[in-house]
Structure formats: structure tokens, C-alpha cells
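Read through the structure below, which is laid out as C-alpha cells, and then see the notes.
Protein chains get the first letters and strands the later ones, always in sequence-line order, with residue 1 at the start of each.
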Amino acid sequence: MATIINVKEEKALETKNFEFTYAGAPEPSLKNISMPIAKNKVTALIGPSGCGKTTLLRSFNRMHDLYPGNNYGGEILFEGRNILTEKEDMIKLRTQIGMIFQKPTAFPMSIFNNVAYGLRLKGIKNKTELADRVEKALQDAAIWKETKDRLKDDANGMSGGQQQRLCIARAIAVEPEVLLFDEPTSALDPISTQGIERLIIELKEKVSILIVTHNMQQAARVSDYTGFMYLGDLIELGKTEELFVTPAEKLTEEYITGKFG
Amino acid sequence: MTHTQKRVLINKIVMALSVLSTLIGMGFLLWILSILVINGIDAINWNIFIYEGAPPGYEESGLKHALIGQLLLISVSTIIGVPLGILAGTYLSEYGGVKSKLANIIRDISDIMMSAPSIVIGSFVYAVIVAPMGNFSGWAGIAALSIIMVPIILRTTDDMLQLVPSTLREAAFALGAPKYKVILQVVLRGAKTGILTGVLLGVARVSGETAPLLFTSFNDNFLNTDLSEPIASLTVTMFNYATSPYEDWQKLGWAAAFILSMFILTLNILGRVILAPKKKK
């Protein structure tokens, strides 16, 4: 049985008996996951490769809907509604729940237009408002100093770490409630990684964060809660300092002490 | 001979052979180009751009009719062929994908069409347009050239769009973009240099076509801009003049060959320049 602690804070997201099956797969990849995600906290998901961390993460903004035949079961609650229903508006949902990918995904356009992309999608056309909100987003993503003199340059000319922070700026510009990070530093060097981690901790004042990471030290450094997943199950969810020091489940202990994984 | 000496020797032989083959290939290319340039430049003068076709022996004969006819044929088939090719390629990559049966059937058919002899396409257009309408026409020529152009542009577009990483699409969707905006603003934009190259190569390819024009747009010795009538093209004019027994017509044939080659060469070079990685500042 899984050990899931009670999250005292308000919940940003919550899954109830959540299941997910990939198109054509005989078995569900995620089984019976009930997981609360605290508001304005960082929750990390750890576990060995193939355990379903990223699959779970991509369910929260229904990224799986881009490919036909994938199947959800159970419920994901967000702002009091189940977002897995047919009538859920994907466009609105994805502006409320943003995502940062493993590799930086700067669009083939200028730095300014990258950050303004989501704002324009929301229908903001006023030039001063756009400029103000782009500047604010770049400042919040701690990249304004490096970019303010080259806003018109192609975003693909930046370094990997800069591009990843640009992607974070792009995601926070539309002021989402939740940000999903899918191994955001696995393609970056140690110094850029440090910068992104600091940024994640700062951002939780404004957004609730869920981060998938291969790196247990990273989970310990940035998160308030940590969930350990194994073979499609959520084995344990606890406060980060407790989960790493006194894990309740034997599997969790074996994983964090490096016995497998 | 030691093992190392043997390897060094084999290395030298292989290198000499490949350099020699390159030189033979380059030699023929330079030979063709130099004959073309020497005869072409000799044949080119202002009269070519001022006068239309004339009987042999007349001073005032030129290629104006063929140049304008050629430009008309090429530009109208580009206007028809490019949007069709890009839209169909976009369908294959973005809506069909690599797994779709229908998309793969279209890919196979377009590959077959690309390698089909162009004279076959010419005879097809003759059968479905020229014969029922009762006369050769510019439109028939344009139909043949567009049919040749579409599969080239369709395949390049398809290939170039598939090179755009899927995470880039996902990132745009993750910001709440609807599919048509993802395609127009992110995917096509990311592949635009590749697609432009495909367009240039497609235009260059049909610019040199003679066979499909011989029995579609046919020829006209005088200037005609009415596409429902037969219309002159550089390639057919070149064929007629070059095979004629008159020396001044043969000279015009050289001029047509030179102008056509330079046009196609420019398109090809442009295509390369666009694709070449930009130098970092």
C-alpha cells in the first residue's frame, strides 16, 4: 500500500484514482494514483526511468490528447472541476497550467516574440501592455539583464541555459496557476542548472510547481513535497525532508539509498 | 613492406583515384559550361531582347517572344504549383503523420510522379486538355509544368516539416495555441528556409522542361501573352532553332541555352545560399 501524507495547504491540483493508458497498450501505464499537490509549493516526482513520472506530469495539461488513442481514467481536480471531461477547454486549461520541457523549446522568432507568443494568443494586442508584460516576465525569469538589449535577436542564438529561462519567461508571462517542469535541467550545464533551481524556488510564491527530475539531489534542493513513483504506482508522497530521511516505504528507502534505479 | 607502409600506400592509391574521378566529372562540366558560355556570349546582343522571331536571314530577329512566354509559363505554374505543394506537404506532415496509411500512399504516389518521365506528363495533359479543347495552349503547358512541380515541393515540405522537433509543437500547444496557429506560426516558420529551397529547386526543375511543352503549349514565333493560345517558351524555341539548318537561328538557339542555363544556375545557387548556415556575429 502506498503512503500518501495529508497535505495541509490548499491544493492546486489533485488526482483521484487516476489511470492512464497509452494508445494500443494492453495495460495502463499509471494505476490508481491519488495525489494531492499543494498550492504555492514545489512538489517533485522521482523514480527510476519508465516509472511514469513524465506520463503523469503530461496528464495535468492533457498533453496526451495531442496523440490519438490515449486514455484517461479517474479524476484530476483543478479549481474544483474534473479536467478530464470532454467539455474541458484545452486552450484555456493550457494557459492556466503551463509546461517547461526537457530541452529548451525556443520558437524560431525573436526573443520578444517568444515571450509575447502566449500573450498574443490570449488576445493582448496593445503594444505597451505587451512590452510591459514581456519585460516583467523576463525579469521574473531572471534573464532581463541579458536580453534587454537584444529583444529583437533570434532566440535560437542564445545558450541552452538562457533559452530554458526564456521558455520559463514565456510560460509565466500568461500568469498560469501551475507550472509543470519536465526534467528542466537535464540538458543543461551545472551553472545553468543552479540558476534554474534558484528560479523554481523563487517562482513558487506566485505559482504551484510540479517538477519531474531524475536527480534526487535536485528534488531535495528545490521541493517541499516529494513523490516517489515505481512501475506506474505512486508509492509514497511526503514532505521532502521526511521522505529522504525517514521514508515510510521500503521501496522508497531502497531507491533513495541507491539499491536500484 | 611493413603493414603501416602498405596502409599508407593504399591510402594514396584510393585518394589518387577519387581525385582523378572528380577531375573527370569536373572536366566535363567545365567543358559543357565553357562551350555554352563562349557560344552564348557570342550570340547575345540587344536585338535578342527587342525583337521577336523572324525568318532566317533577317537582322531583326530575337527571343523576346520566347523570354516573355517562358516567364509567363513559369510564373503561372509557380503560382499554382507552390501553394498546392506546400499545403499538401503540410497535410502529410501535420495531419497525416508517418503512421497514416493515406499519407503514406500519397507519399508513394508523389515519389512515383517525381521519377515519371516528363514527356509522359505532357502526353497526359495532351489527352485531357489539348485534345478535347482542340488546340495547343499556354494553359495546357502550365498544367503540365504544375503537375511536375507539385510532387517536388510536396515532398520537400513534408520532409522539412518532419525535421521540426515535436517538442516545439508541444511547447506551442502547451501555451494554449490552437493547431492551425501552431502550424502557421511555429512549424512552418521553423522550416521556412528548407521549404523555400524546395520551391526554388522545383521552379528550376520545370524551367528546363521541354518535352511536356512540345505538345501542350507548343510554340509561337511571335509574341503572344494569351494563355488560351499556343505560346513560345525558351526550351522549345531553343530546340527548334538549334535543329534548324540556318546559322543565325542556331546562334539564337545558343543564346536561349545560355540564358536558360544562367537562370537555372542562379536559382540553384540561391537555394544553396539560403540553406547554408548563417555565420554567427
| remark: Looking only at A:L66, A:T95, A:N61, the option with the highest number of non-hydrogen pairs under 4.5 Å against chain B is A:L66
| Residue pair A:Y117 / B:K181, side-chain heavy-atom distance below 4.5 Å | yes
| task | Taking atom OH of A:Y22 as the centre, report whether more than 12 heavy atoms of other residues, nucleotides or ligands fall under 6.0 Å from it. | result | yes
| task | Can you measure from CD (B:E170) to CZ (A:R58) and round to the nearest 0.5 angstrom? | result | 4.0 Å
| request: Would you give the length of the straight line joining atom NZ of B:K179 to atom CE of A:M90, rounded to the nearest 0.5 angstrom? | output: 14.5 Å
| Toward chain B, the part of A:L180 with a non-hydrogen atom under 4.5 Å | neither
| Shortest non-hydrogen separation from A:T105 to B:T167 and the atoms involved | CG2-O, 3.7 Å
| Where on A:A173 is there a heavy atom nearer than 4.5 Å to chain B: the side chain, the backbone, both, or neither? | neither
| field | Atom pair CG/CZ of A:D65 and B:F173 - distance to nearest 0.5 Å | value | 10.5 Å
| field | B:R189 CZ to A:F107 CZ distance, which is reported to the nearest 0.5 Å | value | 10.5 Å
| task | Would you give the length of the straight line joining atom OG of B:S166 to atom OH of A:Y67, rounded to the nearest 0.5 angstrom? | result | 4.5 Å
| Distance (rounded to the nearest 0.5 Å) between B:L175 CG and A:L121 CG | 7.0 Å
